[in-house]
Amino acid sequence: MTRVVRQPPAQPLARTRARLEGTTLVELTGLSRDRLLGMYQRMALIRQFEEQAAALYRAGRIRGVTHTYQGQEAVAVGATWCLTEEDYITSTHRGHAHVLAKGADEKRCMAELMGRATGYCRGRGGSMHIADLSRGILGANGIVGGGMGIAVGSALASDLLKNGRVTVCFFGDGALNQGILHEVSNLAAIWRLPCVFLCENNFYGMSGPVDNMLALGPDGFKGRAQAFGLPAVECDGMDVIDVFLGVREGVERARAGEGPTYVFTHTYRFLGHHVGDPLTYRDKEEPELWRRLDPIPNFGRLLVEQGLASTQDLADWDQEASVRIAEAVRYAESSPEPSRDTLLEGLFG
Amino acid sequence: MTRVVRQPPAQPLARTRARLEGTTLVELTGLSRDRLLGMYQRMALIRQFEEQAAALYRAGRIRGVTHTYQGQEAVAVGATWCLTEEDYITSTHRGHAHVLAKGADEKRCMAELMGRATGYCRGRGGSMHIADLSRGILGANGIVGGGMGIAVGSALASDLLKNGRVTVCFFGDGALNQGILHEVSNLAAIWRLPCVFLCENNFYGMSGPVDNMLALGPDGFKGRAQAFGLPAVECDGMDVIDVFLGVREGVERARAGEGPTYVFTHTYRFLGHHVGDPLTYRDKEEPELWRRLDPIPNFGRLLVEQGLASTQDLADWDQEASVRIAEAVRYAESSPEPSRDTLLEGLFG
Amino acid sequence: MRGEQIEERSLTYAQALNEALREEMQRDARVILLGEDIGVWGGGGVFGVTKGLLEEFGAERVRDTPISEAGFTGAGLGAALAGLRPVVEFMYVDFSMLAMDQICNQAAKIRWMLGGDVSVPLVIRAQQGAGRGNGPQHSQSLEAWYAHTPGLKVVMPSTPYDAKGLLKTAIRDDNPVVFLEHKLLYGTRGPVPKEDYTIPFGQAAIVRQGRHVTCVALSYQVHKALEAADVLAEEGIELEIIDPRTLVPYDRETVARSIMKTGRLLVTHQAPERAGFAAEVVMCALEDAFDYFDAPPLRVCGKNVPIPYSLTLEAAAIPQTEDLVRAAKRLVEGVPLGGRRS
Amino acid sequence: MRGEQIEERSLTYAQALNEALREEMQRDARVILLGEDIGVWGGGGVFGVTKGLLEEFGAERVRDTPISEAGFTGAGLGAALAGLRPVVEFMYVDFSMLAMDQICNQAAKIRWMLGGDVSVPLVIRAQQGAGRGNGPQHSQSLEAWYAHTPGLKVVMPSTPYDAKGLLKTAIRDDNPVVFLEHKLLYGTRGPVPKEDYTIPFGQAAIVRQGRHVTCVALSYQVHKALEAADVLAEEGIELEIIDPRTLVPYDRETVARSIMKTGRLLVTHQAPERAGFAAEVVMCALEDAFDYFDAPPLRVCGKNVPIPYSLTLEAAAIPQTEDLVRAAKRLVEGVPLGGRRS
Ligand SMILES: Cc1ncc(C[n+]2csc(CCOP(=O)(O)OP(=O)(O)O)c2C)c(N)n1
Ligand SMILES: Cc1ncc(C[n+]2csc(CCOP(=O)(O)OP(=O)(O)O)c2C)c(N)n1
Ligand SMILES: [Mg+2]
Ligand SMILES: [Mg+2]
């Protein structure tokens, strides 16, 4: 096995910095200062959540399998920052971040990971199934590609109900090889449905490296969208602003009734596929290279440079995030296990 | 429902005629006179087979559903004329022509359609399941897209066994929307398997017109192949020589170890999806336009022009075809029904 | 039994289904249809079940889909979660295998898995069964798979009356329902009231009363059982025919009560015998009425073989009236079976 | 029973499977492996079953596939038709739903459908079962679906010894075999001979002899049954535990003979009870030995609910040792059930 070491972009936030020549972040994005700072805060919250989840898993206090998201936070936050609370997302096995970014309550998320009755699924689903329909979160999913059909379905409903809602369908590079993606891309294209197919290329499935697993043509990832006549954008998945701008293009197109868009983000999971991954398949050096692009501190620095925050603010928000997550853990731990008698409740309703 | 009337190419065999400027059919194709005449003869045989199958179905002597191929003969014959007996094909619900072109015995085919013990499947499969592994025919298939996995599998086996065999995977425009095509295209591409994906676009699924059902990008059908980095050829599916040349490109690439190729042929089924199709979904005029492109008489005329055959020869071959098929029908009719006691035979072996 | 609801008008099974769809679509704008060739083909579907609906409700609500079973089933599920009440059609149930993940990993589980509060008003209609020479990949009966999957309701109407009433119930249900129609039933006729009616899930129909043998028959086999009952009646053997109508929920009480009367149980379906639903019917009956069995229960089901194309073989592979007659006689005559102590 | 073949060496179930794969790959160059993360991940598969095989046989024969379940299953089938003997792996059986058409419409039917002369030497291995908190989409047991599909052989080994011997038989078989491994078994140890041996399909193992209750247990439940037997033994109740090992073909004689001795039948599997294979076990036993039943047969199976994530709920959803103990006692005490005549 020869292992390719994937080189990250040379400079953190290179695209955003290029776009910022002669303008400000507020102007470039059209986002208020608060929303911009919110990006940092939410990324920090997600990072904390994942760190704690991994720690709890290692301590044997979370069972099953837990897939964490450290390194990819810019994607979940950049994308969901384009959406209203009514808009929909579908997520994946690596879904904590998506749902937290879309506004799920970290307490109930953590409770779900710990299998408690107060969790989003009452402890029935665990890490891979968190959903909150009141916030348009149609669910993480244990099946790679399992949410794609749901995504075009919610887009179809929005289209028929004319409620203006957009669906963002998150999936990984590995999921690019699932047949259902082909089917729903075609469906969404012929029906011009309001959805955005958002691929997070983190260069690996579990151990399957994108180079060996994914056949691409001269147009690379975009060719997979062009095959259906769909517009495609490629984004730096370590750059929350670049993701935001890319996904916003798709969301605007969807809201304007112009149909679906593909957004390909290139990002990296700093850690293993799941907590406990023996990581036999990638070079140790590779994550080190990518950590320099860490979307959180780099974006923090940009906020400081832009005069939107101080270094102290960043430290405070990091601190706040860890306090909130610590509270979430306490909440989860003090929550009851679901009782055996509830096993069959709500199977049908 | 507005119905688009699809205009056929203006002139029959236009591409072949253009290529023939200053050369002969034998030189252009590298095929012997006998092989060239064989193309006509086989197309005529297939046409007769299908006409008889339809007549028998209407007379209630074939049960189930029968999908006939009149109009598309150039595709089956042009494609299989690139193959050796050892090469593989996988076929579809509309498979009589593919298997006959690949050398299946018309008697045993007809016997299968009539559900007889002498049929290729001993009457167990019927129209949609004819196979002959001794001739590399891996089976027609009742599931749209059902043969695609088998095709990359036989290509994988050929690759590992280094036996030089190529697999041609036949499928329709409707099958372009099945997810498994996406999966196997990717597999065949990353593993550089010796296979040719041969799409017969006859503009309809059952009633689903390709315009409404198939999303394509600026590169049209070819874009579906380019997405995987696969080369693609487009052919006039009413022109047996154009199909032959196009598929040969793919077969040569496969034999040279250069991996899969897509061939898109544009063709037309003169009759309904199956015998008895109410044909509510297409304009009556459309088949009339396409009948002018009928691949058999037009190719016959070319053979005459090329001095390879006389008009009388053509008439004789047509006559021979109908005699052979009449014999096949007699063979089938005089064959026994499979006996009830054989029901469980060979379920496992 | 159901006599009081019967009036003069008679419809085919296909027409009854068509009426149910039409009325529910009129009643509720959220009901939409998704499937292959349900719109423009032949004026509305291969069996005419969706006839005229495209014209009445338009292409937005009656969607001819590409050949993408997994994709359009997923779309139905997503639409159900987001406010519509989709009815997804498989032209043949055999094709539902392409959407198995969407049906059984996704649709079946999502309500319960998310805590039980999510509505999943999705109906999956499929045509199934053997008897028309459609061959091994177009003739299967898959009710056992779906019944084995927690979270799905499973419906198998055998008459036009039931077809209409149960389909309406299915569409109004907030859970995923797999609705299985037998291909040989579409052309059968029977009384169907004009007025709006629904049939509750989980209530078996006693199709014919009798004292000697309880025959639980699924779908098309109800009609074979009726034929058998006529033959048996001439020999003084009375068959009590029960059509469960829904497998999930399943009305075990009606079956148990019948066995307490007859002491004998015969179960028939077209699906292969091995691990088919008949074994479940028997098991439930044993749990409820073990001591009432005077003879070992019998199954008259499909052979454990793919459905053949040829007429002769197909007939041999699926249970026929004579098989039911023979089995009922065996039950009554108490011929020793297996290890019966003599 | 199987004592004579036992020698000193002890392996885990995963190691036994690994050895079977290795030896068969050494023996026959046509054997290849296809599946997700079977090569580079962790040195050979999520559970170590394919450990070291990539290194020994190379990436041509040990193929890490993309996440394309339908595609690589189809590829396995096509390769089987064209001269190889592929072993396809599903990381979790739940994912086999994505390949259902390839398995059940294609692989299962092709030999019979083409007249019976075609070889289909395809093994489909899958890891299944609950008990590790993997949640609703990673914990199912799907043996009943596959057993219901004519043309598939279905294997469920419960010990390292059986795992190795049955996997070798599967690989040498010219028919499609669905080989189901339980996730909780991989780490279990047991004696496994070094020498080449195979175990014929269709021969149940009497895992423990006893006079009072016949307990047919599938896969992991064999171990629960052994635990229950120990508890019951203290109260003087002897459980005879039978592991069918293969569901298709199924050894009905061994079960019938046991019931003729015990008069009581208990069947246990983790899959949901409704339309599960337990009902089939009971049905076969009734057909063979109706008059020997002294009490209604009992099932101790999974609840009809998706498998929950939480420890408490998961334990409540799947059958436990105590449930078996309770059921066995009920059988012996002859507590009236259902409509038992008093
Ligand atoms: C249908 C299916 N196949 C396989 C798996 C096992 N699995 C879980 S995640 C994963 C890799 C997914 O890769 P990708 O889509 O790139 O997402 P990432 O893990 O990189 O976020 C695999 C193979 C699964 N859950 N579902
Ligand atoms: C999986 C599946 N879905 C649907 C069908 C029903 N069906 C049979 S042929 C057909 C249309 C196929 O269209 P295409 O691939 O273009 O082939 P053509 O009939 O035009 O030759 C359909 C929908 C089927 N047999 N299998
Ligand atoms: Mg990835
Ligand atoms: Mg077509």
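Lettering follows sequence order; numbering is per chain, from 1.
Contact tally against chain C (heavy-atom pairs below 4.5 Å) for A:Arg124, A:His182, A:Glu183: the top residue is A:Arg124. In terms of heavy-atom pairs under 4.5 Å with chain C, the best-connected choice from A:Val184, A:Asn163, A:Leu343 is A:Leu343. Note on A:Gly153, A:Gly136, A:Gly123: by heavy-atom pairs under 4.5 Å with chain C, the leading option is A:Gly153. Of the listed residues (C:Pro86, C:Ala108, C:Pro66, C:Ala70), the one with the most heavy-atom contacts under 4.5 Å to chain A is C:Ala70. Residue with the most contacts toward chain A among C:Pro249, C:Gly76, C:Ala79: C:Ala79 (heavy-atom pairs, distance under 4.5 Å). Chain C forms the most heavy-atom pairs under 4.5 Å with one residue out of A:Leu161, A:Ile190, A:Val152, A:Thr342, and that residue is A:Leu161. Options A:Ala155, A:Ser185, A:Ala157 differ in how many heavy-atom pairs under 4.5 Å they form with chain C, and the most are formed by A:Ala157.
Contact residues of residues 23-35 of chain C toward chain A are C:Ile32, C:Leu34 (heavy-atom distance under 4.5 Å).
Heavy atoms closer than 4.5 Å to chain A are found in the backbone of C:Leu152, but not in its side chain. For C:Val88, no part lies near chain A; criterion is any non-hydrogen pair under 4.5 Å. With a 4.5 Å cut-off on non-hydrogen atoms, C:Arg63 touches chain A through its side chain but not through its backbone. Using a 4.5 Å cut-off between heavy atoms, C:Gln102 touches chain A through its side chain atoms alone. With a threshold of 4.5 angstrom between heavy atoms, C:Lys109 does not approach chain A through any atom at all. In this structure, the portions of A:Leu347 lying under 4.5 Å from any heavy atom of chain C include both its backbone and its side chain.
Between A:Leu133 and C:Leu114, the closest side-chain pair of non-hydrogen atoms falls below 4.5 Å. Between A:Leu216 and A:Arg224, some side-chain heavy-atom pair lies under the 4.5 Å cut-off. Contact check for C:Glu60 versus A:Leu160: side-chain heavy atoms found under the 4.5 Å cut-off. In this structure, C:Leu218 and C:Leu247 have side chains that are in contact, with non-hydrogen atoms separated by less than 4.5 Å.
At least one donor-acceptor pair under 3.5 Å links the side chain of C:Thr169 to the backbone N or O of C:Ile199. A distance-only check finds a donor-acceptor pair linking the side chain of C:Arg111 to the backbone of C:Asp174 [under 3.5 Å].
When each of C:Lys164, C:Arg22, C:Arg172 is tested with C:Asp196 by the rule salt bridge (charged side-chain N to carboxylate O under 4.0 Å, His left out), just one qualifies, namely C:Arg172.
Here the two rings, on C:Phe277 and C:Tyr250, have centers that are under 6.0 Å apart.
With A:Tyr120 as the aromatic partner, A:Arg108 meets the cation-pi criteria of under 6.0 angstrom to the ring centre and within 45 degrees of the ring axis.
To the nearest 0.5 angstrom, C:Thr50 atom OG1 is 7.5 Å from C:Asn18 atom CG.
With respect to A:Arg135 and A:Asp132, a salt bridge is recorded, a charged nitrogen being found less than 4.0 Å from a carboxylate O.
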List the steps, then state whether side chain to side chain donor-acceptor pair (under 3.5 Å) holds for A:Ser127 with A:Tyr57.
CA-CA 11 Å; A:Ser127 167; A:Tyr57 186 90; over 6 Å; no

